[in-house]
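Atoms considered below: every heavy atom in the structure, side chains included; atoms not considered: hydrogens, waters and symmetry mates. Quick caveat: nothing in here was measured; it's all calculated off a predicted structure.
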Amino acid sequence: MNLQETIEKIRPLDEKAMDCTRKRWDSIAHPLHSLGKLEDMVVQLAGITGNPDVHAEKRVLVPMCADNGVVEEGVTQTGQEITALVAENFLCTKAASSIMCKSVKCDIFPVDVGIATDVSILNRKIAYGTKNMTKEPAMSREEAVKAIETGIEVAEMMKEKGYQILATGEMGIGNTTTSSAVAAVLLELPVETMTGRGAGLSTDGLNRKIQAIKKAIELHHPDKKDPVDVLAKVGGFDIAAIAGLFLGGAALQMPVVIDGVISATGALAAASLCPLCKDYMLASHVSKEPAGALLLEALGKEAPLHCDMCLGEGTGGLNLFPLLDTGLAVYHGMGDFGKWGMDAYEHFD
């Protein structure tokens with residue numbers, strides 16, 4: 001599907017399936033809504049899939065991997081070569097997220113959408129990294145659309161493989177700089193408010209980062225009303241591809257999990273293109289990065305986890321799965337009030 005076709009396919013959640021799921025929860029022998037967000041997630045999954053028989057055992061993490069030309073401005077502690085190194089490590093269970101995947105029974109499917117060198121993961125490279133956004137637009141509009149449509153394509157691939165839920169991840173040195181830039185423009189908030197230390201920047205490094213973002217925004221004047229323009233001028237291939245994952249998942253009635261600030265920035269770009277797709281997103285954790293809570297608030301999401309995590313790669317999103325598993329175990333496995341010889345709880349205003 002191309003971008004426009006994908007947006008046109010996104011529909012509101014299935015209210016009938018959600019109502020049926022709520023009634024099932026209310027019939028289970030426990031105080032009404034006493035499992036809180038665990039119940040809400042199951043209801044949301046029913047609305048997404050259109051089926052109250054909710055399952056999420058077959059799951060996949062998709063890290064979108066790309067390099068960013070803005071690293072030339074000294075906005076990172078490590079060099080660009082780390083992107084390729086970690087991307088390769090996804091496949092040999094050496095990266096943090098791939099190790100976590102094994103523990104939560106989740107497959108991993110990394111994609112190269114713009115790494116500066118050639119690697120052995122799925123090749124959907126738009127270019128060998130973006131341009132330095134402090135000097136020229138990070139990418140062309142055509143490249144931004146191609147990156148979004150790559151995310152849509154990968155969502156389709158995951159659906160065809162039978163996955164029931166998709167978690168978003170990323171790898172790209174410099175992508176907390178690009179995500180801060182995109183988020184600052186889309187939310188119309190000060191760059192200082194949206195920018196953190198990323199992977200351990202010094203105060204001088206943080207100041208360089210803030211100044212680089214300000215310079216890029218002042219140079220290119222990205223249009224807040226046009227998310228593709230914002231992604232093209234101050235974004236990254238990984239963020240654009242993640243936006244495509246959210247849009248593709250929504251069009252395919254597939255739940256997609258938000259990770260940290262880079263993932264949430266992709267989610268915000270997707271929601272700016274199609275507000276309905278927010279209903280297909282599941283928040284996982286509140287990132288330690290300054291923009292983390294602000295992005296979730298803008299998306300209308302309340303994350304169940306507060307772990308002070310800011311590693312990225314999908315690590316926060318993966319930690320949602322054990323919570324989802326316990327909720328589904330009760331939903332499918334617990335008897336109703338009648339079997340327990342109890343009267344059901346009643347709803348009161």
Side-chain angles (χ1 to χ4, degrees), residues 1-10 62 64-70 111-114 124-156 168 170 172 174-189 191 194 213 216-252 256 258 261-278 280-281 291 295 298-299:
M1 293 182 290
N2 65 31
L3 176 55
Q4 192 56 43
E5 289 171 341
T6 301
I7 291 172
E8 289 171 358
K9 282 193 69 174
I10 298 172
V62 178
M64 292 294 185
C65 308
D67 277 304
N68 301 280
V70 72
V111 183
D112 173 8
V113 285
R124 289 294 185 272
K125 196 187 297 288
I126 313 297
Y128 286 89
T130 56
K131 304 291 196 301
N132 183 345
M133 68 182 186
T134 68
K135 298 175 180 177
E136 55 187 311
M139 64 190 91
S140 68
R141 186 179 184 89
E142 291 72 24
E143 287 175 326
V145 171
K146 187 176 180 181
I148 296 170
E149 291 181 345
T150 297
I152 295 168
E153 177 204 355
V154 173
E156 290 177 301
T168 52
E170 41 61 43
N175 62 9
T176 59
T177 302
T178 52
S179 58
S180 295
V182 171
V185 173
L186 292 179
L187 296 181
E188 295 183 294
L189 289 171
V191 171
M194 305 304 291
I213 295 169
I217 292 172
E218 289 168 4
L219 179 64
H220 304 305
H221 302 290
D223 182 2
K224 173 189 179 294
K225 297 178 182 178
D226 182 358
V228 176
D229 183 66
V230 178
L231 289 168
K233 288 176 176 175
V234 297
F237 295 131
D238 49 356
I239 299 170
I242 288 169
L245 286 175
F246 284 110
L247 291 166
L252 296 163
V256 185
I258 304 168
V261 290
I262 294 100
S263 171
T265 301
L268 181 65
S272 299
L273 287 163
C274 178
L276 263 181
C277 79
K278 289 186 288 188
Y280 292 79
M281 303 174 183
L295 284 162
L299 290 165

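Leu245 contributes atom CG, which lies 10.5 Å from atom CD of Glu153 (distance to the nearest 0.5 angstrom). If you take CG on Leu247 and CG on Leu276, they are separated by 11.0 Å, rounding to the nearest 0.5 Å. Expressed to the nearest 0.5 Å, how far CD1 of Ile7 lies from CG of Asn2 amounts to 9.0 Å. The distance from atom CG of Leu268 to atom CD1 of Ile242, rounded to the nearest 0.5 Å, is 12.5 Å. Note that NE2 of His221 is 7.5 Å distant from CG of Leu219, once rounded to the nearest 0.5 Å. For the atom pair NE2 of His220 and CD of Glu136, the computed distance is 7.5 Å after rounding to the nearest 0.5 Å.
Using a 4.5 Å heavy-atom cutoff, the side chains of Leu187 and Leu295 are in contact. Residues Val261 and Met194 fail the side-chain proximity criterion, which asks for heavy atoms closer than 4.5 Å. With a 4.5 Å cut-off on side-chain heavy atoms, Ile258 and Leu299 count as touching. Within the 4.5 Å cutoff, the side chain of Cys65 has no heavy atoms near those of the Asp238 side chain. Looking only at side-chain heavy atoms (C-beta outward), Asp226 and Arg141 come within less than 4.5 Å of each other. With contacts defined as side-chain heavy-atom distances shorter than 4.5 Å, the pair Met64/Val111 qualifies.
No donor-acceptor pair under 3.5 Å is formed between the side chain of Asp223 and the backbone N or O of Asp229.
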Practice prompt. Apply side chain to side chain contact (heavy atoms under 4.5 Å, CB included) to the pair Thr177 and Asn68, showing each step before the final yes or no.
Written response: CA-CA 9 Å; Thr177 302; Asn68 301 280; over 6 Å; no
Item to complete: Under the side chain to side chain contact (heavy atoms under 4.5 Å, CB included) rule, what do Thr150 and Phe237 come out as? Steps first, then yes or no, please.
Response: CA-CA 10 Å; Thr150 297; Phe237 295 131; over 6 Å; no
Worksheet entry | Worked verdict on Ile213 versus Met133 for side chain to side chain contact (heavy atoms under 4.5 Å, CB included) | CA-CA 8 Å; Ile213 295 169; Met133 68 182 186; 4.3 Å; yes
Item to complete: Let me see the working for Leu273 and Ile148 under side chain to side chain contact (heavy atoms under 4.5 Å, CB included), right down to the final yes or no.
Response: CA-CA 11 Å; Leu273 287 163; Ile148 296 170; 4.3 Å; yes
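Between Met281 and Ala267 the shortest heavy-atom distance is CE-O, 3.4 Å. Residues Ala269 and Ala243 share a closest heavy-atom pair of CB-CB, 4.2 Å. Nearest heavy-atom pair across Ala216 and Val234 is CB-CG1, 4.0 Å. Closest of all the heavy-atom pairs between Phe246 and Ser263 is CE1-O, 3.6 Å. Contact between Glu143 and Ala127 at its shortest, heavy atoms only, is OE2-CB, 4.1 Å. Taking both residues in full, the closest heavy atoms of Gly249 and Ala155 are given as N-CB, 3.9 Å, listed atom of the first, atom of the second, then distance.
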